[in-house]
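Residue numbers start at 1 and run along the sequence shown.
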Amino acid sequence: QVQLVESGGGLVQPGGSLRLSCAASGSNFRAYNMGWYRQAPGKQRELVAAIGSGDITNYAGSVKGRFTISRDNAKNTVYLQMNSLKPEDTAVYYCKATWGTVHWGQGTQVTVSS
């Protein structure tokens with residue numbers, strides 16, 4: 001059973017930056033496809049960015065050029081660097097791990113507001 005723990009959320013002004021972290025328990029982390037999703041109030045959960053076991057990345061159009069996903073297999077951690085944040089980026093951000101089965105973290109709140 002994989003457990004995922006997100007951290008790094010908070011309140012930031014428009015134009016600011018945050019870095020989210022997702023620490024995974026267990027072994028074989030390097031084999032997992034990892035992703036960051038977000039869910040704003042009243043909206044469906046959506047993919048923000050994903051990184052495969054071969055480090056191939058994929059981004060939602062709304063964050064391309066502003067967000068960067070990366071992973072450190074030695075630390076069992078995936079990161080989401082978020083720059084030039086906008087109010088519409090406000091949401092609960094979730095980490096997802098997939099390797100046969102799907103695992104979700106508990107989420108971390110990101111609020112972009114002046």
Side-chain angles (χ1 to χ4, degrees):
Q1 182 74 10
V2 174
Q3 291 188 328
L4 304 172
V5 179
E6 300 103 331
S7 61
L11 173 64
V12 63
Q13 292 187 343
S17 297
L18 283 174
R19 188 175 83 153
L20 304 183
S21 299
C22 172
S25 65
S27 58
N28 295 319
F29 174 78
R30 63 180 65 249
Y32 280 80
N33 294 316
M34 302 297 298
W36 285 99
Y37 288 70
R38 67 186 180 188
Q39 187 166 19
K43 295 189 176 182
Q44 289 189 329
R45 192 173 296 189
E46 63 176 0
L47 173 69
V48 175
I51 184 166
S53 57
D55 289 344
I56 295 175
T57 58
N58 182 42
Y59 295 92
S62 60
V63 307
K64 198 170 293 185
R66 299 189 297 123
F67 291 11
T68 303
I69 189 170
S70 62
R71 64 192 299 161
D72 186 336
N73 292 330
K75 296 182 178 180
N76 280 18
T77 301
V78 63
Y79 303 98
L80 185 68
Q81 177 66 44
M82 305 186 294
N83 299 327
S84 302
L85 282 161
K86 304 175 181 180
E88 51 263 43
D89 294 318
T90 296
V92 178
Y93 284 70
Y94 296 91
C95 178
K96 177 185 174 183
T98 305
W99 187 43
T101 55
V102 175
H103 307 272
W104 290 94
Q106 82 288 350
T108 185
Q109 177 70 46
V110 172
T111 302
V112 184
S113 175
S114 55

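In Gln44, the CD atom is not crowded: 12 or fewer heavy atoms of neighbouring residues, nucleotides or ligands sit closer than 6.0 Å. Within a 6.0 Å sphere centred on CD of Gln3, other residues, nucleotides and ligands contribute 12 heavy atoms or fewer.
In this structure, Ala91 and Ala40 approach most closely via the heavy-atom pair CB-N, 3.8 Å. Across every non-hydrogen atom of Pro14 and Ser114, the tightest pair is CD-N, 3.7 Å. Among all heavy-atom pairs drawn from His103 and Leu4, the shortest one is O-CD1, 3.4 Å. Across every non-hydrogen atom of Phe29 and Arg71, the tightest pair is O-NH2, 2.8 Å.
With a 4.5 Å cut-off on side-chain heavy atoms, Trp99 and Val2 do not count as touching. Lys96 is not listed as a side-chain neighbour of Leu47, based on a closest heavy-atom distance of 4.5 Å or more. Looking at Tyr93 and Glu6, their side chains never come closer than 4.5 Å, going by heavy atoms from C-beta outward. Side-chain contact check for Ser113 versus Leu11: some heavy-atom pair is nearer than 4.5 Å. A heavy-atom distance below 4.5 Å is found between the side chains of Leu20 and Met82. Leu85 has its side chain within reach of Phe67: a pair of non-hydrogen atoms, C-beta onward, lies under 4.5 Å apart.
If you take CG on Asn33 and CG on Asn58, they are separated by 11.0 Å, rounding to the nearest 0.5 Å. Between the OH atom of Tyr32 and the OG atom of Ser27 there is a distance of 7.5 Å, given to the nearest 0.5 Å. The CD atom of Glu46 lies 9.5 Å from the CD atom of Gln39; values are rounded to the nearest 0.5 Å. The distance from the OG1 atom of Thr68 to the CG atom of Leu80 is 8.0 Å, given to the nearest 0.5 Å.
Under the 4.5 Å side-chain heavy-atom criterion for grouping Ile, Leu, Val, Met, Phe, Trp and Tyr, Val110 is connected to Ile69 within one hydrophobic cluster. Taken together through direct or relayed side-chain contacts under 4.5 Å among Ile, Leu, Val, Met, Phe, Trp and Tyr, Val92 and Leu18 form parts of separate hydrophobic clusters.
Annotation: cation-pi pair Arg66/Tyr59 absent, no NZ/CZ under 6.0 Å from the ring centroid and within 45° of its normal.
Identified under the disulfide bond (SG atoms under 2.5 Å apart) test for residues 63-114, with sequence neighbours left out: Cys22-Cys95.
Looking only at distances, a side-chain donor or acceptor of Thr90 sits under 3.5 Å from a matching main-chain atom of Val112.
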